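Nothing here was measured: the structure is a model prediction, and the numbers come from that model. Note: hydrogens, waters and symmetry copies are ignored here, and every other heavy atom, side chains too, is used.
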Amino acid sequence: PCRGGRPVGAAGVPDQPNVFYIGVNNGGVWKTDDYGLTWKPIFDDQPTGSIGTVAVAPSDPNTIYVGSGEGLQRPDLSIGDGVYKSTDAGKTWRHLGLRDGQQIPAILVDPRNPNRVFVAVLGHPYGPNAERGVYRSTDGGESWQKVLYEDEHTGAVDLAFDPRDPRIVYAVLWQARQGPWENGAFSGPNSGLFKSTDGGNTWNQLTGGLPTFAQGLGRIGIGIAPSDPNRMYALVEAGRDSGGLYRSDDAGTAWRRVNNEQRIYGRGSDFACVRVDPQNRDVVYVANTSTYRSTDAGESFTAIKGAPGGDDYHTIWINPNNPNIIDRKSVV
């Protein structure tokens, strides 16, 4: 579409490099099978057009999960009505629940089992609600269990597996809310990065070196190197003395800030996507007003795509079989 809004969800099919899906903040789900030359809408018959994330099951490319509600904290936003699933590559859809979550910014599908799914539910943008946090399903979304929850004011915003062990799961909680006035955002002390080593049954917060609420901690975006699961990156929204890109070389136990450039972490409530090259742990991509790439493990970045005024890239998907195939989505 020539004016489609913010695509905040993007996914591809590794073994079908011509196939991509995008989810648009208020424009539904779109699919291309010709490397992005042409797109067609595949979600228009559903009751919501607000999309927060699209996830293709790695072990079954016909299975697609969609989280509705764009999952951002900004003065203009849209909300959805839960999770949807297709088992025929987007031809038909079925609603799976979590209707009161309103904003679902991340879905994680087990690389070996398309029925084991984690969902990050951000919740109501303007007030408290209980349907927030991280939910898990082991039956393809027929039922859900809340496995990580802080309180009715704190939602979940990001998820990641250890690339070599899907029993190890990372999740980001984010306590933030919009006010009833323009730019009336505020946050609370419950934001943070969490890790489970038993498939999501129990969780521990990772704090070693990451900013605190007193330092302005807000949203965190996470990326794990597929070639070395001990190498992790966190794009952290915080005050000027603390915000930026953090790196861990021990699977999240200890962190240090490696880059504090405002251009890569500014507007952190809007941009928080960091991805790692599947074959090289030192090659890192960040989505912001431009798409930035680092080849020195985050120490420095170069803008590789984007206009000087900002193209506003919100998400990046890298083909794990071919890191030269990258799907970047901006305001279109």
Side-chain angles (χ1 to χ4, degrees), residues 4-11 20 22-25 51-54 70-77 103 105-106 120 122 157-160 172 174 176 178 183 185 187 191 193 210-211 215-225 232-248 255 257-277 282-318 323 326-332:
R6 295 181 294 275
V8 292
F20 296 95
I22 61 170
V24 186
N25 68 325
I51 307 300
T53 188
V54 180
E70 61 178 301
L72 299 174
Q73 293 288 358
R74 52 181 294 144
D76 56 324
L77 56 82
Q103 296 199 91
L122 190 57
V157 70
D158 205 1
L159 295 164
V172 175
W174 186 24
Q178 292 293 298
N183 293 317
S187 60
S191 301
L193 174 60
L210 291 173
Q215 295 170 303
L217 177 63
R219 184 181 179 185
I220 300 174
I222 50 176
I224 305 175
M232 297 182 62
Y233 296 89
L235 197 61
V236 180
E237 176 193 19
R240 281 188 174 271
D241 293 333
S242 303
L245 183 70
Y246 285 73
R247 189 176 74 213
S248 172
W255 297 84
R257 188 168 65 162
V258 294
N259 194 296
N260 64 355
E261 294 180 82
Q262 185 76 17
R263 62 177 181 158
I264 69 166
Y265 81 94
R267 286 171 58 185
S269 62
D270 205 2
F271 304 110
C273 179
V274 55
R275 297 290 181 262
V276 188
D277 184 286
D282 293 334
V283 176
V284 190
Y285 295 87
V286 167
N288 204 287
T289 51
S290 294
T291 298
Y292 297 96
R293 179 174 59 204
S294 171
T295 58
D296 56 8
E299 302 283 346
S300 62
F301 281 88
T302 301
I304 60 171
K305 178 67 175 175
D311 280 356
D312 286 15
Y313 293 90
H314 282 84
T315 189
I316 299 168
W317 181 85
I318 306 173
I326 302 174
D327 193 20
R328 298 174 295 236
K329 293 307 171 190
S330 68
V331 173
V332 296

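- At least one side-chain heavy atom of Val236 sits less than 4.5 Å from a side-chain heavy atom of Leu210.
- You'll find the side chain of Leu72 reaches within 4.5 Å of the side chain of Val8, heavy atoms only.
- The shortest distance between side-chain heavy atoms of Thr291 and Val286 does not fall below 4.5 Å.
- In this structure, Pro211 and Ser242 approach most closely via the heavy-atom pair CG-O, 3.6 Å.
- When side chains are defined from C-beta on, Tyr313 counts as touching Lys305, because their heavy atoms get closer than 4.5 Å.
- Taking each heavy atom of Gln73 and Ser269 in turn, the nearest pair found is O-OG, 3.4 Å.
- When all heavy atoms are compared, the tightest approach of Gln215 to Ala238 is O-CB, 3.7 Å.
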field: Verdict with reasoning, Val24 to Ile51, per side chain to side chain contact (heavy atoms under 4.5 Å, CB included)
entry: CA-CA 5 Å; Val24 186; Ile51 307 300; 5.8 Å; no
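- Counting heavy atoms of neighbouring residues, nucleotides and ligands inside a 6.0 Å radius, atom CZ of Arg293 does not exceed 12 of them.
- Between Leu245 and Val274 the shortest side-chain heavy-atom distance falls below 4.5 Å.
- In this structure, CD1 on Ile316 lies 7.5 Å from CZ on Arg275, to the nearest 0.5 angstrom.
- Within the model, atoms OG1 of Thr295 and CZ of Phe301 stand 9.5 Å from one another, a figure rounded to the nearest 0.5 Å.
- The side-chain heavy atoms of Glu237 and Tyr265, taken from C-beta on, include no pair separated by under 4.5 Å.
- The heavy-atom pair separating Ala120 from Pro105 by the smallest distance is O-CD, 3.1 Å.
- Atom CD in Glu261 sits 9.5 Å away from atom OG in Ser294 (nearest 0.5 Å).
- The backbone N or O of Ala297 lies less than 3.5 Å from a partner atom in the side chain of Arg247, making a donor-acceptor pair.
- Atom CD1 in Ile304 sits 6.0 Å away from atom CD1 in Ile326 (nearest 0.5 Å).
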- request: Starting from the C-alpha separation in whole Å, work towards a yes-or-no answer on side chain to side chain contact (heavy atoms under 4.5 Å, CB included) for Asn288 and Ile264.
  value: CA-CA 6 Å; Asn288 204 287; Ile264 69 166; 5.7 Å; no
- request: Determine, stepwise, if the pair Trp174 / Leu122 fulfils side chain to side chain contact (heavy atoms under 4.5 Å, CB included).
  value: CA-CA 8 Å; Trp174 186 24; Leu122 190 57; 3.9 Å; yes
- request: Could you please spell out the steps behind the side chain to side chain contact (heavy atoms under 4.5 Å, CB included) verdict for Thr289 and Arg267?
  value: CA-CA 9 Å; Thr289 51; Arg267 286 171 58 185; 4.1 Å; yes
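- Partners of Phe271 by ring-ring contact (aromatic ring centres under 6.0 Å, His included), not counting sequence neighbours, listed by chain and number: His314.
- Here the OH atom belonging to Tyr233 is positioned 12.0 Å from the OH atom belonging to Tyr285, to the nearest 0.5 angstrom.
- Here the closest heavy-atom approach between residue Thr315 and residue Ala10 is recorded as CG2-CB, 3.7 Å.
- Note: Asn259 CG to Ser300 OG = 7.5 Å, rounded to the nearest 0.5 Å.
- Taking each heavy atom of Trp317 and Phe20 in turn, the nearest pair found is CZ3-CE2, 3.7 Å.
- Contact annotation: the side chain of Glu70 approaches that of Gln103 to within less than 4.5 Å [non-hydrogen atoms, C-beta and beyond].
- Annotation: side chain of Ile220 is in contact with side chain of Val172 (closest heavy-atom distance under 4.5 Å).
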